[in-house]
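Everything on this sheet refers to the single structure shown next.
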Amino acid sequence: MIGVLLLLFLLPLLLYIAAPQIRKMLSTGVCTSTIQLPGKVAVVTGANTGIGKETAKELAQRGARVYLACRDVQKGELVAREIQTVTGNQQVLVRKLDLADTKSIRAFAKDFLAEEKHLHILVNNAGVMMCPYSKTADGFEMHMGVNHLGHFLLTHLLIEKLKESAPSRVVNVSSLAHHLGRIHFHNLQGEKFYSAGLAYCHSKLANILFTRELARRLKGSGVTTYSVHPGTVDSELVRHSSVMRWIWWLFSFFIKTPQQGAQTSLYCALTEGLEILSGNHFSECNVAWVSAKARNETIARRLWDVSCDLLGITRD
Ligand SMILES: *[C@@H]1O[C@H](CO)[C@@H](O)[C@H](O)[C@H]1NC(C)=O
Ligand SMILES: *[C@@H]1O[C@H](CO)[C@@H](O)[C@H](O)[C@H]1NC(C)=O
């Protein structure tokens, strides 16, 4: 009896004490590039919290001018101050970007193109996860709309600038969850059936398909593109789901810090010589396996065309 009680008491205590070590063990990927970024320009979406914030901080640390593209400008400004203080780099700027509204995306791109001559690194990091069924300003299902279509439009609007600034890179934050994803062309907006968990997976599959498709289209342009699984990270992504928040809390000892979660994004944004691996998916700073669906070029091309149509972009 006493033994059991002791165990019940000791086990969590031991776990708690060992947590930093366990985290380190589970998080093997570290971006070791020492490259510095003076004169380089970077945009990070969803940069006011979690992985996006850590990614932006590291890019600023290396001397880049970093744009925090955030829905909540006030929160963004606080984070920008913090990054400026920590890194000593004053070139950290906040711009309004609501990926759930194509008007906001177009306004962001227009202003950015007017004020900046270059764009070397675009990190499509923002995302929503498991939110209840809802629609964006343009009537897209929220996950597809924000995680996929919003970033697709943003990348499309900035692509010429990226080409002019080559060598340049696009990093898409996707997820291991893409393995459960499917592209249901007859139900793209979840109008026939909807599951918040699966909608997230579908949108993350779309991220990988598009990274591969864009890599194919950008061959020879000097712009390369990568998709990333950041790992299981303690972030605000789970804010929409109380179940997920519980699961996160239970396993919180094993979950990466945002700083650890940012490593693979940074690896793809910074590592010298990575260009030959353009279009690949990365996890723990290594090329990672993707599902057969994520490698299917027929689906990728069709989704590309459908996405163009939905956004009113001419297919090319
Ligand atoms: C991901 O990256 C590709 C190119 O890298 C881009 O076209 C696409 O819009 C990005 N976002 C999504 C959601 O796929
Ligand atoms: C790609 O997907 C299509 C449609 O789902 C399927 O018919 C085709 O067999 C797939 N191709 C490969 C190579 O898996």
Side-chain angles (χ1 to χ4, degrees), residues 99 102 122 124 127-131 133-136 138-156 159 169-221 223-231 264 268 274-316:
L99 287 155
T102 57
L122 169 62
N124 287 321
V128 293
M129 185 186 198
M130 298 189 74
C131 41
Y133 189 75
S134 52
K135 291 193 163 177
T136 68
D138 304 270
F140 306 134
E141 184 278 312
M142 195 55 78
H143 295 88
M144 266 296 159
V146 170
N147 298 355
H148 167 59
L149 292 167
H151 280 120
F152 178 58
L153 178 61
L154 179 67
T155 310
H156 170 81
I159 202 75
R169 297 188 182 188
V170 182
V171 178
N172 271 332
V173 179
S174 178
S175 170
L176 187 67
H178 83 271
H179 282 283
L180 295 174
R182 301 282 179 274
I183 305 297
H184 298 294
F185 285 101
H186 60 287
N187 186 42
L188 217 49
Q189 309 303 339
E191 56 278 70
K192 298 203 175 67
F193 45 92
Y194 179 77
S195 137
L198 286 179
Y200 174 75
C201 302
H202 302 333
S203 71
K204 291 289 130 183
L205 172 61
N207 287 158
I208 296 184
L209 282 166
F210 267 51
T211 304
R212 296 172 65 85
E213 179 68 11
L214 192 80
R216 198 179 63 74
R217 289 170 186 249
L218 287 174
K219 217 166 232 163
S221 70
V223 187
T224 54
T225 163
Y226 314 86
S227 64
V228 163
H229 169 63
T264 305
C268 289
L274 205 66
E275 286 82 1
I276 46 167
L277 292 174
S278 181
N280 273 285
H281 182 62
F282 289 76
S283 172
E284 300 293 350
C285 301
N286 264 305
V287 173
W289 179 70
V290 299
S291 72
K293 295 247 163 13
R295 280 178 272 124
N296 187 314
E297 277 197 21
T298 318
I299 301 179
R301 284 179 205 206
R302 184 167 168 206
L303 182 63
W304 188 281
D305 288 343
V306 169
S307 302
C308 287
D309 294 350
L310 285 170
L311 292 163
I313 302 171
T314 42
R315 299 179 179 186
D316 42 20

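Order of appearance sets the numbers: ligands from 1, and atoms from 1 within every ligand.
With sequence neighbours excluded, the residues satisfying side-chain contact (heavy atoms from CB on, under 4.5 Å) with Ser221 are Lys163, Leu218, Val223.
Not a single donor-acceptor pair under 3.5 Å links the side chain of Thr224 to the backbone N or O of Arg169. Panel note: side chain Asn280, backbone Leu277; a donor-acceptor pair is recorded below 3.5 Å.
Judged by the 6.0 Å distance and 45° axis criteria, Arg217 is positioned over the aromatic ring of Trp304.
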Tabulation required: pairs of a nitrogen or oxygen in ligand 2 and a protein nitrogen or oxygen under 3.5 Å; columns are atom names and distance to 0.1 Å; otherwise 'none'.
residue  : atom   : partner : partner atom : Å
ligand 2 : 2 (O)  : Asn296  : ND2          : 2.2
ligand 2 : 11 (N) : Asn296  : ND2          : 2.9
ligand 2 : 14 (O) : Asn296  : ND2          : 3.4

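Side-chain atoms of Asn296 and Lys293 include no donor-acceptor pair closer than 3.5 Å.
Between His281 and His229, the two ring planes are tilted [angle within 30° to 60°].
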